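A quick note: this is a predicted structure, and the numbers were derived from the prediction, not measured. Residue numbers start from 1 in every chain, and the chains themselves are labelled A, B, ... in the order their sequence lines are given, proteins ahead of strands.
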Amino acid sequence: MMEENIIEAKNLTKIYENGDVLAVDNIDLSIKKGEIFALLGPNGAGKTTTISMLATILPITDGDAHINNYNVKNQPDKVRKSIGIVFQEPSLDGEMKGRENLELHAILYGMSKKERHDKINEVLKLVDLDNKAETFVKNYSGGMKRRLEIARGLIHEPKVLFLDEPTLGLDPQTRRKIWEKIKELNKGNSNITILITTHYMEEADELADRICIMDHGKIIALDTSKNLKRQLSGDIIDIEFDIMENKMILPKIISEMNEITGVKHVSLGEGKSGDEEIPINLPANMPNINPEMIKARMRKIMSDPKELLTAWKKFPMARQMFESAPLDMKKKISNMFGEDLIDQVPEEIKAIIIKIKNGEYKENEEESGPIISISCENGGKQLPMIMQKINNYNLIINNINMHHPTLEDVFLHHVGMAIRDESSDRMKDVKKHIQMRQLRR
Amino acid sequence: MSDLNLKSININYSGIWVLAKRELLAFWRNKIRIITSFSQAILFLSVFIFSFPSSVISIGGQQIDSKAFIASGIGAMTVLFTGIFGGLGVMKDKMFGFMKELIIAPVSRNTLMLGRTLGIAIQTIIQVFIILLISLAVGFFGYDPNMIWRFLLALPVVLLSCLSIVGLGITIGTRMRDFESFGLIQTFIVMPMFWLSGAMFPLSTSAPVMQVLNRCNPLFYSIDLFRLIILGASYHPFWIDLIVMGVFAISMILLGSYSFKKMEVK
């Protein structure tokens, strides 16, 4: 084992006994002292399982791992003292004050009274919570809780800090703040190694020295952010067409584009299929509840106007979801509200429903045409050729977007178009990712 | 059994104490819970004592005032209720994620389990003695200076029965997945154990079936011993009570620590 690697895993494998799920498939990892290492992957890729095995929470099915030269299987207590961990979901006792949570942690990690006192004040200051130390944790905001957990993970001066989705469900400012703290930690004199899991591209791009893309329990790419992007050399062109009657010509266009020299890969965001099921798009950043469960629950709510009314009244999110729902779903829902119930509907939704019933409602966003995404060597050179090909078909183009590959493209290139758990509607994802990119400019 | 091997128990005493302190702190801070549990005890106390005519109950040939009988039964009831629901707190920690922080700490699961058990046991003892002192103050036990010694002697008995009940609570708590099972446990474990413990009704007036069921209930023996110490009357000689209690306590603690070890937290 090499001296400078603080984490070393060989053939690490995890099979969940119930259901024979291969969650982590024979992966090797070596993480250097002092680096920030990101595990990037969609939900269910095996990131958390990997981290849990390294942190001695889950038994290892096969393979071996060392942290700080201690064996994860045989010396769990030594490993535990070498690591600090911030879990994906909060793991604080809300009935205790901030300082008490830290105090309990320090005692369990065998620190003396003097050590404890100094160190707790130090870490509280580090995460800017020294003035909130005597507040009950249940009264903390999400960001404060996260920061307190980071502080807690640092009390016993670990060599490695595990952060499992550290900014999941936090607002942008809080995220930024936490990123800054993470960078500060790593660059400061402690020089602590940080292993972070995330499914946010920007997060990995912003923080990590090296990024490891995981999917289906396997490592599919591992390099610095810069090198990963270099893998997808050239440009990416997204072409959004107007609604087209005859979608059958699209495959033909694509095959013609593939023939253009310099074009490497063409992918299509398909239009919506006539799915019988109500399409449900979960908002991003939902807490980590089984999406199938949420979908089932939502289906139930959406079939009962009474339940919908309560949902709209209680959760602003439900109202937003209605507004962003596809037109056919809106129509379906509108039909459930007769004259007797319409008065109870919140104002903004009521307006939409009335419009739909009168046939006045116009969808500007939903009824859009297909999108083609082309990766090519030199966008400037190939774009005119592409346009010529398209012009042969007399199609209307709504939007063209050309850009250098982002980490997101790398990720999508490796993992596939759709982030599986959140939506299987490829069209939506391509659109979403184009919109996101435009917003970022 | 490897659990009895002292070396492998691997206990961190400051860890136990800090976890016990956490339980006590939570108890002290949750004023509503304190008020509820006392109100419940006082409600039972007043309903049973003021609804039934005061009478004399015969236990093992001894004549006991029914007020003293019920007051001591309420004390035992407090052990059951506080102990079980304290043990079920494991589930709360599991649900709110704090259990992860605990199991990742470099201390053994036994330390975690014993810390919690100790905390709840101390909390329960405090509650039981407050009930006993209230009963004493209103004169249910008569005014006998010897009561001080009897109370002190009852302390280890209450502790032992606390340990077994908390062990039971933890065993259930580690297996429970959601709060919905609370009602189930109330109906199928706590209530039968309570009504079949002889805490409220003397054995002599019960039907033969009830008498058999009572004797199958380990709690019956701790209440019996408790009454022997406080009131000087019991159905069984003290050593039978003590053996049953001891076996029950040891098996529940072992079962609890086994369940705690096997518990997976996701």
Side-chain angles (χ1 to χ4, degrees), chain A residues 16-18 23 48-49 51-52 54-59 70 75-97 100-113 116 136-138 145 148-149 152-153 155-156 158 162 164 287-290, chain B residues 7-34 86 89-116 118-120 123 177-178 260-266:
Chain A
Y16 285 112
E17 279 160 30
N18 43 347
T48 300
T49 309
I51 252 191
S52 303
L54 292 176
T56 74
I57 301 168
L58 279 177
Y70 297 120
Q75 298 162 290
D77 280 0
K78 291 255 169 62
V79 169
R80 288 170 181 192
K81 283 197 175 171
S82 315
I83 62 169
I85 182 160
V86 177
F87 298 99
Q88 200 164 325
E89 290 122 31
S91 61
L92 295 160
D93 186 351
E95 304 296 324
M96 289 200 294
K97 295 171 182 167
E100 289 165 351
N101 266 286
L102 301 185
E103 190 83 26
L104 186 131
H105 180 92
I107 293 173
L108 289 179
Y109 280 71
M111 291 170 75
S112 72
K113 197 164 186 178
R116 260 180 0 231
F136 281 102
V137 170
K138 61 183 168 195
K145 279 184 188 160
L148 187 68
E149 287 188 288
R152 187 175 66 182
I155 292 177
H156 54 285
F162 290 105
D164 193 0
N288 222 25
I289 309 166
N290 183 0
Chain B
K7 257 187 190 163
S8 79
I9 288 182
N10 183 18
I11 286 167
N12 174 333
Y13 292 100
S14 52
I16 291 193
W17 179 233
V18 71
L19 291 168
K21 228 164 71 182
R22 172 177 172 246
E23 293 295 335
L24 292 172
L25 209 59
F27 169 65
W28 178 242
R29 283 180 178 161
N30 196 341
K31 302 286 188 270
I32 293 174
R33 204 169 74 185
I34 298 182
V90 175
M91 218 247 350
K92 198 178 147 203
D93 276 354
K94 260 186 352 187
M95 277 192 71
F96 290 113
F98 190 69
M99 190 56 86
K100 272 198 216 149
E101 152 75 358
L102 293 179
I103 64 165
I104 195 66
V107 294
S108 64
R109 295 263 179 124
N110 279 327
T111 305
L112 301 180
M113 191 255 178
L114 288 176
R116 180 180 297 270
L118 183 69
I120 300 166
Q123 169 198 330
R177 296 230 170 78
D178 48 53
F260 217 91
K261 248 178 218 154
K262 290 288 160 225
M263 175 177 58
E264 274 197 26
V265 180
K266 280 192 180 157

TODO: Taking all heavy atoms of B/R22 and all of B/L102, pick out the closest pair and write down the distance.
DONE: NH1-CD1, 4.4 Å
Task: Best-contacting candidate, A/E149, A/E103, A/K97, against chain B by heavy atom pairs under 4.5 angstrom - done: A/K97
- [ ] Name the orientation class of the two ring planes belonging to A/H105 and A/H156 (parallel below 30°, tilted from 30 to 60°, perpendicular beyond 60°).
- [x] tilted
Task: Contacting region of A/K138 [heavy-atom separation from chain B under 4.5 Å] - done: neither
- [ ] Determine the option with the most heavy-atom pairs under 4.5 angstrom with chain A, choosing from B/R29, B/M99, B/K21.
- [x] B/R29
- [ ] Let me know if A/Y109 has heavy atoms under 4.5 Å from chain B in its side chain, its backbone, both or neither.
- [x] both
TODO: Determine yes or no for a side-chain-to-main-chain donor-acceptor pair under 3.5 angstrom, with A/N101 supplying the side chain and A/D93 the backbone.
DONE: yes
Task: Contacting moiety of A/L108, where chain B heavy atoms sit under 4.5 Å - done: both
Task: Heavy-atom pair count under 4.5 Å with chain B, highest-scoring of A/L92, A/I85, A/I57 - done: A/L92
- [ ] List the atom of B/E101, the atom of A/S91, and the distance in Å for their closest heavy-atom pair.
- [x] CB-O, 3.7 Å
- [ ] Could you walk me through whether B/R116 and B/D93 pass the salt bridge (charged side-chain N to carboxylate O under 4.0 Å, His left out) test, one step at a time?
- [x] CA-CA 11 Å; B/R116 180 180 297 270; B/D93 276 354; 2.4 Å; yes
Open item on the list: Checking B/R33 against B/F27 for the side chain to side chain contact (heavy atoms under 4.5 Å, CB included) test, could you report, in this order, the C-alpha distance in whole Å, the side-chain angles of both residues, the deciding distance, and whether it holds?
Closed with: CA-CA 7 Å; B/R33 204 169 74 185; B/F27 169 65; 3.9 Å; yes
Open item on the list: At a 4.5 Å cut-off on heavy atoms, which part of B/A105 comes close to chain A: side chain, backbone, both, or neither?
Closed with: both
Task: Proximity breakdown for B/I104 and chain A, heavy-atom pairs closer than 4.5 Å - done: both
- [ ] May I ask you to check whether B/T111 and B/Y13 show a side-chain donor-acceptor distance below 3.5 Å?
- [x] no
- [ ] Answer with side chain, backbone, both or neither: which region of A/E100 has an atom nearer than 4.5 Å to a non-hydrogen atom of chain B?
- [x] side chain
